[in-house]
Amino acid sequence: MQHHSDMYFSFFMFGSNFAIEDPAFLDHAMVHIRRLAEMGYTGFEFHPGREETTAYAFPTYQQELDAYIAFRKRMDDEGFAHIKVATNVGATTACDPSSSCANIREAGIAYLKSRIDITAALGGQIMMGPMVIPYGGFVVSAPNGEQVWSDELQDELTMRYNTAQQSFILLGEYATSKGVKLAIEPISHWETPGPNKLAQLITFLDGIDNPTVGVVLDSAQEVLDGDGPEVFKAQIDYIADQGRLHYAQASPPDRGDLVNCWLPWEAIFTPILNRFNGPIAVEIFNAVGAFNHGLRLSRRKFWIPEVDAPNGYPNAYEIAQSAYDFTQTKLNKIRCELSSNSR
């Protein structure tokens with residue numbers, strides 16, 4: 001018997017931000033939802049960043065929230081009330097819960113609370129991402145602004161983590177009240193200064209009692225910066241024992257096509273599926289917008305039907321369908337082995 005788990009699809013295939021202020025984007029989003037749901041996906045990851053265009057269209061967080069409430073109603077009205085939504089949210093340098101500056105820190109807490117509100121309004125139970133240290137916010141030293149690395153960076157981050165723990169004690173309480181779990185993502189050193197390793201995130205979480213503040217595991221990040229399969233299994237058991245294993249993503253190290261990549265499926269997903277039966281997301285970053293520079297994407301774009309002119313290369317829907325089929329097959333095989341071992 002084939003067991004098809006809840007599988008979400010990341011909207012990073014279509015852009016680096018969910019442009020809630022753009023009616024044309026929202027029309028395309030409904031087309032994507034319809035097509036991807038037909039493939040078998042049961043949910044989506046939206047990325048409710050507050051770009052300048054969003055802030056211009058909706059000067060207050062409440063106005064922005066109302067726009068997300070309206071979009072969720074549109075999804076429901078168009079026949080997708082059963083489709084689930086998770087959000088992917090990053091801290092920013094202006095809204096940073098780890099900042100030593102009280103104003104920036106308070107702005108960070110307010111921003112993340114507003115994203116928790118959006119997640120709840122979308123019917124979501126999971127808000128994940130690089131929420132502790134701003135994504136891509138590499139540390140620079142005053143006065144010359146040179147980047148800080150190695151021991152000096154880790155010393156700086158230790159202070160930032162201590163500050164952020166207090167912020168996340170508050171955010172955890174708020175998220176609990178809204179029925180949302182916070183799943184913090186360790187992200188590789190290529191993309192962000194920290195936490196890069198699951199071990200670093202575990203140390204951070206050990207200072208926060210509330211298990212609402214937990215972890216998302218991304219296979220790409222774990223391959224790049226993790227501590228290897230034996231340690232990984234122990235780490236998964238440790239966070240699962242605390243009730244902090246909230247979410248997982250299947251993503252290839254180059255963030256592209258999941259079918260053709262070096263990914264140790266069994267080593268990563270056997271420990272996860274042994275302790276977790278929640279949704280798994282397919283996360284593919286298309287060569288679009290802000291990703292090209294930030295992730296140094298040299299590969300061709302997967303062209304987006306009804307948005308881009310067709311060409312001879314694979315399109316976004318073809319990649320999404322093959323990723324769904326391939327990932328379900330891989331995960332089912334692991335589940336079968338786990339169930340036969342437990343008999």
Side-chain angles (χ1 to χ4, degrees), residues 1-10 36-45 82-86 124-126 128 181 183-186 188 197-199 201-202 205 211-212 214-284 318-343:
M1 186 190 88
Q2 288 291 303
H3 170 81
H4 281 272
S5 60
D6 259 336
M7 190 160 292
Y8 294 5
F9 189 78
S10 168
L36 290 152
E38 287 167 2
M39 295 176 198
Y41 288 102
T42 55
F44 297 98
E45 262 180 37
H82 61 291
I83 290 293
K84 299 171 181 136
V85 176
Q125 298 174 327
I126 299 157
M128 50 75 57
K181 292 174 178 173
I184 298 166
E185 182 177 7
S188 97
K197 290 176 157 303
L198 183 51
L201 179 55
I202 286 170
L205 292 172
T212 294
V215 179
V216 53
L217 261 306
D218 179 330
S219 60
Q221 312 295 1
E222 196 57 36
V223 169
L224 291 168
D225 275 52
D227 290 313
E230 289 80 9
V231 174
F232 180 66
K233 183 183 182 308
Q235 290 171 330
I236 291 295
D237 286 338
Y238 182 82
I239 57 177
D241 285 345
Q242 296 180 326
R244 294 193 197 264
L245 181 54
H246 294 332
Y247 195 51
Q249 296 167 316
S251 186
D254 80 334
R255 326 311 292 283
D257 177 13
L258 254 174
V259 178
N260 300 296
C261 72
W262 280 100
L263 194 60
W265 287 87
E266 288 75 16
I268 287 180
F269 285 101
T270 302
I272 291 173
L273 295 177
N274 193 40
R275 300 301 305 271
F276 177 74
N277 60 3
I280 307 275
V282 165
E283 186 183 46
I284 292 171
E318 290 168 334
I319 294 293
Q321 180 71 72
S322 63
Y324 178 86
D325 296 339
F326 188 77
T327 303
Q328 287 284 15
T329 300
K330 285 286 190 187
L331 298 184
N332 280 332
K333 186 163 175 279
I334 292 166
R335 280 197 189 87
C336 286
E337 284 169 9
L338 281 170
S339 63
S340 66
N341 291 342
S342 65
R343 283 192 196 120

Is any side-chain heavy atom of D227 closer than 4.5 Å to a side-chain heavy atom of L198? no

N277, CG: over 12 other non-hydrogen atoms inside 6.0 angstrom: no

Is it the case that the side chain of S219 and the backbone of S251 share a donor-acceptor pair, with hydrogens and angles ignored and the cut-off at 3.5 Å? yes

What distance do L217 atom CG and F276 atom CZ have between them, rounded to the nearest 0.5 Å? 9.5 Å

Among V282, N260, V259, L331, find the one that has a side chain to side chain contact (heavy atoms under 4.5 Å, CB included) with F326. V259

Does the H246 side chain pair with the main chain of P211, one donor and one acceptor, at a distance under 3.5 Å? yes

T327 side chain to Y324 main-chain N or O, any donor-acceptor pair under 3.5 Å? no

Identify, with sequence neighbours excluded, every residue that meets salt bridge (charged side-chain N to carboxylate O under 4.0 Å, His left out) alongside E337. K333

Heavy atoms, side chains only, cut-off 4.5 Å: are I202 and Q242 in contact? no

For the CD atom on Q125, are there more than 12 heavy atoms of other groups (residues, nucleotides or ligands in this structure) within a distance under 6.0 Å? no

Counting N and O atoms only, with roles assigned by atom type, does the side chain of Q221 sit under 3.5 Å from a partner on the main chain of S188, one being a donor and the other an acceptor? yes

Taking the side chain from K181 and the backbone from I126, do they hold a donor-acceptor pair closer than 3.5 Å? no

Walk me through it: do I280 and L273 pass the test side-chain contact (heavy atoms from CB on, under 4.5 Å)? CA-CA 10 Å; I280 307 275; L273 295 177; 4.2 Å; yes

Tell me every residue that passes salt bridge (charged side-chain N to carboxylate O under 4.0 Å, His left out) with K330, counting only those two or more places apart in sequence or in another chain. none

Gap between atom CG of L258 and atom CD1 of I284 - 0.5 Å precision: 5.0 Å

Heavy-atom donor-acceptor pair, N332 side chain to Q328 backbone, under 3.5 Å: yes

Dump the intermediate steps for side-chain contact (heavy atoms from CB on, under 4.5 Å) on L201 and Q235, then the final yes or no. CA-CA 10 Å; L201 179 55; Q235 290 171 330; over 6 Å; no

With a 3.5 Å distance limit and no angle check, can you tell me whether T270 reaches the backbone of A267 through a side-chain donor-acceptor pair? no

Would you check if D241 and R275 make a side-chain contact, meaning some heavy-atom pair closer than 4.5 Å? yes

Counting N and O atoms only, with roles assigned by atom type, does the side chain of Y41 sit under 3.5 Å from a partner on the main chain of A320, one being a donor and the other an acceptor? yes

